[in-house]
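Each remark here refers to the structure printed beneath this line.
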Amino acid sequence: MITPVMPTYGSPELAFEKGEGVYLYTGDGRRFLDFGAGIAVAGLGHCHPHLIEALKGQADKLWHCSNLYEIPEQVRLAERLVANSFADSVFFNNSGAEAVELSIKVARKYHSENGHPERYRVITCEGAFHGRSLATIAAGGQEKHLKGFGPVVEGFDHVAFGNLNEMRAAIGPETAAILVEPVQGEGGIRQMPKGYLKGLRDIADEFGILLMLDEVQCGMGRTGKLFAYEWAGIEPDVLATAKGLGGGFPVGACLAKEGPAAAMTAGSHGSTFGGNPLAMAVGNAVLDIILADGFLGHVDSVARLLWSRLEGLCETYPSVFQGISGAGLMVGLKCVPENAAVVAKCAENGLLLVAAGNNVVRLVPPLVIEDEHVNEAVAIIEKAAGELAGN
Ligand SMILES: *Cc1c(COP(=O)(O)O)cnc(C)c1O
């Protein structure tokens, strides 16, 4: 018999009753160190007092009024994202897929408004994940996400990961934009090669197409900068973000430079819930913390400790771990045994991790972890590795 919850998620074994900082607790009192953070969402840990205060404060005032009216917290969050990024303008949605979907719409509309409606195709990289809507599964191009949902939305081309020559060769008269994750998440925590984003920027400029980044997972401080593109010394034209932006409250955003943003004229796009007062209040509270002096420096330094400890583990247990990848607090451990077995072993020992593609186990802890949490996590992974190596 069918479960009341549609069976897309398998059957989870754990259920949590409460969260506190970097720990989650089951109803029967078991404690787990959460290095999954709800898949890179709870960047400030669970139940951060400043976020609770913002959410409760807004809940007492106004939940929803629609975008028929100005939402002051929305204007403020947009202003702050603009002030702290490449962008000139922001549209708020409720999820990552919506933010990427809008990016794709912006690319098409931009060229259409500029006299090139024939430019509608978007080029993405193999291994990409851009969401689960019809257009974003087409953008991702993964057979496992597309199967059974045909016909596939038209207008996406796929090139090899991190290969500038292939990207350049794929551009044609119908190309509107390039869309990539600076650090691929679901695909296996793969950072784009050094110089790649810069190369893409040059190619996009040369052909008059847009460079669009999917920072739904790698943005909002996860790599030690507010956005991952900052490490590459370039600016995109459009960027989608979501996961960490609400620290656990559903919110996404599409950020854009003036050119593409100006194509989105009144009535051309909309969202009932996007930019609602609750999400905006929490988003502003998240920014209060991420933008505070020293926060991103902390992410960077605790990430360096995590990387060096994990490198040590890879050396000690070559029969279990083949190496690490990613950036900042978005780390992939390439497994020799099945990644699911590593995730299960660590969970047995009180550490939550998340599997990713390419047989990788993902460590995407809250950005507020301290050295002691790194040590606790590494000790558990080491125990799991010892047990798995012995098998
Ligand atoms: C999670 C994710 C998405 C989709 O976000 P949803 O909120 O699940 O729709 C898109 N792109 C990337 C890179 C992601 O990690």
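Just so you know, ligand 1 is whichever comes first in the structure, and atom 1 is the first atom listed for that ligand. Index from 1, following the sequence. Every value quoted in this text rests on a predicted model; they were computed, and no experiment measured them.
Taking the six-membered ring for Trp and thresholds of 30 and 60 degrees, H48 and H50 have ring planes more than 60 degrees apart, a perpendicular arrangement.
Between D88 and K257, none of the side-chain N atoms (NZ, or NE/NH1/NH2) sits under 4.0 Å from a carboxylate O, so this pair counts as no salt bridge.
The nearest heavy-atom contact from the protein to atom 6 (P) of ligand 1 is G96 N, 3.4 Å. If you check which protein heavy atom lies closest to atom 11 (N) of ligand 1, you get D214 OD2, 2.7 Å. Counting protein heavy atoms only, atom 1 (C) of ligand 1 is closest to K243 NZ, 1.5 Å. Nearest protein heavy-atom neighbour of atom 4 (C) of ligand 1: A97 N, 3.6 Å.
Residue pairs that meet the side-chain hydrogen bond (donor to acceptor under 3.5 Å, both in side chains) test with at least one member in residues 237-250, sequence neighbours left out, are R201-D237.
Interface of S95 with ligand 1, defined as ligand atoms under 4.0 Å from a residue heavy atom, comprises 7 (O), 9 (O). Residue G131 approaches ligand 1 through these ligand atoms, each under 4.0 Å from one of its heavy atoms: 4 (C), 10 (C). For ligand 1, the atoms lying closer than 4.0 Å to a non-hydrogen atom of V216 are 1 (C), 2 (C), 3 (C), 5 (O), 10 (C), 11 (N), 12 (C), 14 (C). Within ligand 1, counting atoms from 1 as listed, the ones closer than 4.0 Å to a heavy atom of E181 are 13 (C).
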Going through the distances and angles, do L33 and L352 end up as a side-chain contact (heavy atoms from CB on, under 4.5 Å)?
-> CA-CA 6 Å; L33 178 59; L352 301 175; over 6 Å; no

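Ring centroids of F91 and H269 are separated by less than 6.0 Å, placing the two rings close together. Aromatic ring centroids of H373 and F35 lie 6.0 Å or more apart.
Results of the ring pair (Phe, Tyr, Trp, His ring centres under 6.0 Å) test with F16 over F32, Y25, Y23 single out F32 as the only residue that passes.
Contact annotation for atom 8 (O) of ligand 1: protein absent (non-hydrogen atoms, distance under 4.0 Å).
For Q217, a nitrogen or oxygen atom sits less than 3.5 Å from a nitrogen or oxygen atom of ligand 1, counting backbone and side chain alike.
Of the candidates H130, E101, Q184, H130 brings a heavy atom nearest to atom 10 (C) of ligand 1.
The two residues I189 and M330 come nearest to each other via the heavy atoms CG2-O, 3.4 Å.
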